[in-house]
Amino acid sequence: KPLTDILQNIEGFIGYSENNFPKLHKGKSRSLILTELEDRLKIDLDYSSGKVLGAMTTPPHDFARYIYSKFIDRNLGDRGLNPGTAAIEKEVIEMLGNLLGDPYVDGNITSGGTEANIIAMLLAKQNNLDIKEPSIVIPDSAHYSFDKAAILMGLKVKRAKLLSNYHLDFDHYESLIDDNTIALVGILGTSALGLIDPIEKIGKLAGKYNKYFHVDAAFGGLVVPFMEELGYDFPPYNLKVPEICSYTVDPHKMGMSVNPSGSLLVKDSNVNSFKFEIPYLAGGAFPSYNILGTRPGASAISFWGLMQFMGKQGFVENVRHSLENTYYLKDQIEEIPELKIATEPTMNVLGIQMSSKANMSLDRFNSLLRQKGWALGVFKQWNLLRVVLMPHIKKSHLAEFLKDVKAIF
Ligand code: PLP
């Protein structure tokens, strides 16, 4: 369908033709435009309502927003013109590396987890140019960014099954590895349920079969280290696992920073690193891992400022708040006979399913919730709804949600 048709069907859309740019000879006033924008954007869901229950994003911290708008003109695509911004980017990578067990890691800020995962698969491919029919082994719970990478690079995707508790079937995973495998992927915080793959065990496979190993910690990379501070125990998951080649971590998820902000950390000691270089730039050529050319320096600067401002303690408190809400919601859901949780939560992500007592499909339940304004993630392949207890969710929002849920049954 053309975009105009889709937009025309969205409630509140004022009309494409009125604003048709070529017909708009004279500009409009700022106030008129702002009024129109506010009016039209009212249909977007607002985080402060607490109804955005299924997203892995949250409103950026005020200080990050402030820094972003102040330095919005900085372009990391031309680092020679922005040496200050480039140095800040390097420090952000170092700080993330430090948090995740290796301050000497290389890397770049990316637009998000998708870009970072695609670059990681590109690195794997560049490290295996002799393999003619390359494939990647990923858990079935892996994010779609790996499928995008596969389409772009002509890779075959081999998906390892999940067990009935949605954790990885490790034996099946190992059985998929063969001579054509160019990368093994493990996840720290799966998109559907926030579960953690056995990173150390996959690392051992990477060593045994001599494969590139990428960890997608887009979500969990800024949750798990803070949970450890709260006393939770995890098997080895970070850059200290020696076979890891690259690691995705997203500041625009649990890092509370502005969007777009992801990162790819690269252990260049393990990788024959491939960087893009643009020779003609005014500031000179500075190779980077990024697919994007022009890219927002303000993303790196904002997260640098936010880490300085919040300190580790600030992030720990955020995670504590999110976990308290997760366990509160889990306990409440378990008291509703028609519902059940999909599996024991590992971090601040909760899967909700219909129990055998429910005489309603998951689709119907979700659409009734949607009518009441609640936006949950939907994973049809596992028959579950996802709630991500992001920092903007308050207990009072959950109480409202539970009231609406109980009214449905
Ligand atoms: N990896 C995981 C585990 C994710 O959950 C997501 C998104 O939710 C991504 C990667 C992609 O991140 P982005 O939307 O920032 O591209």
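Throughout, numbering of the chain's residues begins at 1 and tracks the sequence. In each ligand, atom 1 is the first atom listed, and ligand 1 is the first ligand listed.
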Q.
Enumerate the side-chain hydrogen bond (donor to acceptor under 3.5 Å, both in side chains) contacts for residues 294-320, please, sequence neighbours excluded, ordered by first and then second residue.
A. Glu89-Arg295, Glu91-Trp304, Glu229-Lys312, Asn290-Arg295, Gln313-Glu317, Glu317-Arg320

For ligand 1, list every N/O pair with the protein closer than 3.5 Å, one pair per line with the distance.
from, atom 1, to, atom 2, distance (Å)
ligand 1, 1 (N), Asp216, OD1, 3.2
ligand 1, 1 (N), Asp216, OD2, 2.6
ligand 1, 5 (O), Ser191, OG, 2.8
ligand 1, 12 (O), Gly113, N, 3.4
ligand 1, 12 (O), Lys253, NZ, 2.7
ligand 1, 15 (O), Gly113, N, 3.0
ligand 1, 15 (O), Asp250, OD2, 3.2
ligand 1, 15 (O), His252, NE2, 2.7
ligand 1, 15 (O), Lys253, NZ, 3.0
ligand 1, 16 (O), Gly113, N, 3.4
ligand 1, 16 (O), Thr114, N, 2.8
ligand 1, 16 (O), Thr114, OG1, 2.6

Q) Roughly how far apart are Ile341 CD1 and Leu384 CG, rounded to 0.5 Å? A) 11.5 Å

Q) Around Phe409, counting heavy atoms of other residues, nucleotides and ligands shown, do more than 12 lie under 6.0 Å from its CZ? A) yes

Any luck finding a side-chain donor-acceptor pair between [X] and [Y] under 3.5 Å?
X: Thr114; Y: Tyr144; answer: no
X: Asn238; Y: Tyr247; answer: no
X: Asn117; Y: Asp216; answer: yes

